[in-house]
Amino acid sequence: MRLITWFLLLGMVSFAHSEPAPSIEIQKVTEDVYALVGQRGPMSRWNMGTNATFGVIVTGAGVVLIDPGASLKAAEYIHTTIDKITAKPVVLVINTGSEDLRWLGNSYFKSRGARIITSRAALAHQKLRETDLLGRLDNLITLQFSAGTTAVFADEAFEKEKKLTIGNTEIILRYSGPSYMPGDFYVWLPEQKVVFTGDIVSTERMLAVARTSKTKSWINNFRMIEALNPEFVVPGHGHATDIKKARADTLDYLLLLRKTVGDFLDKGGQAEDISSLNNESPLSPYERLIGYDMLKGRNALHVYMEMEWE
């Protein structure tokens, strides 16, 4: 009995002192295009800011990375994952927005010679949120594993559209207004018919609505992506999929959320009673998504505050 107890205690000590163990799945989307699918839960010391989906485009001139993770450690881990795909260097990093997952890993790739690009709206919001995001990182990942993460901003920012050719691969960046964050944009590969959506699309995991989100514009942005008629959608969270799945988990939810909150407003509902929407709510079909219980009330409140002033 004492021997069993000793082994149990040893296992607990080993677990307590173990290093975080991020998990990124490599999903081949099409030739030379990959989704790096991280955990779908919240940021923690165990994923070090890899809890999103990142993109890899292998070109003749090197690798184009879509989003570098939320910390220096996250970027390092993403790089080790890329090395399993190709030995080519990362030559360009695209920051699809201003959420920490989309840009705080920049310093790692910048120090290795990569160029970084984002939208002007995203860049402005990154600079506005820099201090808060770094502090949030320390709290969620812990100082030990967020150490070394610094704010490094893009070398270039575009206004509405930027067309690039990297090693004979055509890449189009398009920004058409705020979504989850003010500067969110998508990356389109016209030849491969692949779209990387950043935080405009979330699948498998409940999308989050923030105080700065603009859901009406967000819906319009999704419809612009839909109009591309993509064969493959690489979301900001979740596995690469098709537009039907993207629509079911993102667009349909946003439309239903706005309708539900709009009906609540029309009946004179007050912000302090918004939690009542969670009782036998028409939004309950989305219980199937990871994070529904954590985000359902906050999402409804933020949309209430948005629609109240529309």
Side-chain angles (χ1 to χ4, degrees), residues 22 24 35-40 42-43 47-57 63-79 81-82 90 92-110 114-134 136-137 140-141 146 149-158 162 171 173-188 195-203 205 207-210 212-213 218 221 225 233-238 250:
I24 294 181
L36 305 185
V37 186
Q39 296 165 329
R40 264 82 78 205
M43 189 187 302
N47 55 52
M48 299 187 297
T50 61
N51 56 314
T53 298
F54 313 97
V56 168
I57 307 164
V63 172
V64 176
L65 172 64
I66 314 295
D67 300 323
S71 70
L72 179 69
K73 293 280 189 182
E76 289 177 344
Y77 191 79
I78 288 168
H79 197 191
T81 307
I82 294 170
V90 176
L92 177 68
V93 176
I94 298 172
N95 300 159
T96 63
S98 55
E99 186 58 288
D100 39 21
L101 294 155
R102 309 298 166 198
W103 71 282
L104 275 182
N106 279 349
S107 64
Y108 175 86
F109 292 102
K110 179 68 176 176
R115 184 164 61 102
I116 304 167
I117 188 169
T118 192
S119 70
R120 291 190 190 215
L123 180 60
H125 202 228
Q126 288 169 7
K127 291 180 177 180
L128 185 66
R129 303 183 74 208
E130 172 188 352
T131 301
D132 288 344
L133 287 182
L134 288 171
R136 176 175 179 262
L137 195 67
L140 293 177
I141 296 182
S146 63
T149 304
T150 57
V152 169
F153 300 106
D155 304 293
E156 181 183 352
F158 68 96
K162 181 73 175 180
I171 302 171
L173 318 181
R174 286 198 183 121
Y175 171 72
S176 53
S179 295
Y180 172 57
M181 291 286 164
D184 293 337
F185 65 93
Y186 61 87
V187 179
W188 172 234
V195 62
F196 297 90
T197 70
D199 286 318
I200 299 172
V201 176
S202 181
T203 64
R205 189 185 101 156
L207 58 81
V209 180
T212 55
S213 298
W218 195 339
N221 291 335
I225 289 172
V233 178
V234 182
H237 296 275
T250 294

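Predicted model, so just to flag it, every value in this text is computed and none were measured.
Between Tyr175 and Pro182, the shortest heavy-atom distance links the atoms OH-O, 2.7 Å. Between Ala75 and Gly105 the shortest heavy-atom distance is CB-O, 3.5 Å. Looking at every heavy atom in both residues, Tyr180 comes nearest to Ala210 through CE1-CB, 3.7 Å. Contact detail for Tyr186 and Thr197: the closest heavy-atom pair is CB-CA, 4.1 Å. Across all their heavy atoms, Gly183 and Ala121 have their closest contact at CA-CB, 3.6 Å. When all heavy atoms of Phe153 and Glu130 are compared, the closest pair comes out as CZ-OE1, 3.6 Å.
The distance from the OG1 atom of Thr53 to the CZ atom of Arg205 is 9.0 Å, given to the nearest 0.5 Å. Atom CH2 of Trp103 is separated from atom CG of Leu133 by 6.0 Å, given to the nearest 0.5 angstrom. Within the model, atoms CE of Met43 and CD1 of Ile141 stand 5.0 Å from one another, a figure rounded to the nearest 0.5 Å. Here the CZ atom belonging to Arg120 is positioned 13.0 Å from the CZ atom belonging to Phe185, to the nearest 0.5 angstrom. Going from atom CD of Glu99 over to atom CG of Leu104 covers 9.0 Å, rounded to the nearest 0.5 Å.
Although no hydrogens or angles enter the test, the distance criterion places a donor-acceptor pair under 3.5 Å between the side chain of Gln126 and the main chain of Gly97. Without hydrogens or angle criteria, Thr149 side chain to Leu72 main chain gives a donor-acceptor distance under 3.5 Å. Although no hydrogens or angles enter the test, the distance criterion places no donor-acceptor pair under 3.5 Å between the side chain of Asn51 and the main chain of Asn47. Side chain of Ser71 to backbone of Ser146: no donor-acceptor contact under 3.5 angstrom is found. The main-chain N or O of Val152 is found under 3.5 Å from a side-chain atom of Asn106 such that the two form a donor-acceptor pair. Asn221 contributes a side-chain N or O that, together with a main-chain N or O of Pro178, makes up a donor-acceptor pair within less than 3.5 Å. Judged by distance alone, with hydrogens and angles left aside, the side-chain atoms of Trp218 form a donor-acceptor pair with the main-chain N or O of Ile200 at under 3.5 Å.
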Query raised in the report: Given the rule in the salt bridge (Lys or Arg N to Asp or Glu O under 4.0 Å) test, do Arg129 and Asp100 qualify, once you have shown the distances and angles that lead to the verdict?
Result: CA-CA 9 Å; Arg129 303 183 74 208; Asp100 39 21; over 6 Å; no

Report task. Mind running side-chain contact (heavy atoms from CB on, under 4.5 Å) on Ile82 and Val90 for me, showing each step along the way? Result -> CA-CA 9 Å; Ile82 294 170; Val90 176; 4.0 Å; yes

**Report entry** From CA spacing to verdict: side-chain contact (heavy atoms from CB on, under 4.5 Å), Ile116, Asn95
**Finding:** CA-CA 7 Å; Ile116 304 167; Asn95 300 159; 3.4 Å; yes

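Ile78 is not listed as a side-chain neighbour of Pro68, based on a closest heavy-atom distance of 4.5 Å or more. Between Val37 and Ile24 the shortest side-chain heavy-atom distance does not fall below 4.5 Å. The shortest side-chain heavy-atom distance between Val234 and Ile66 does not fall under the 4.5 Å cut-off. Using a 4.5 Å heavy-atom cutoff, the side chains of Val201 and Thr203 are in contact. Using a 4.5 Å cut-off on side-chain heavy atoms (C-beta onward), Ile117 and Leu92 make contact. In this structure the side chain of Thr81 never reaches within 4.5 angstrom of the side chain of Thr50, judged on heavy atoms. The closest side-chain heavy-atom distance from Val63 to Ile57 is not below 4.5 Å.
Aromatic ring centroids of Phe196 and Phe54 lie 6.0 Å or more apart.
The residues Asp155 and Arg115 are annotated as not salt-bridged, no charged nitrogen and carboxylate oxygen being separated by less than 4.0 angstrom.
Remark: the His125 side chain and the Ser98 side chain contain an N/O donor-acceptor pair separated by less than 3.5 Å. Neither side chain, Arg40 nor His237, offers a donor N or O lying under 3.5 Å from an acceptor on the other.
When each of Leu101, Val187, Asp184, Thr118 is tested with Thr96 by the rule side-chain contact (heavy atoms from CB on, under 4.5 Å), just one qualifies, namely Val187.
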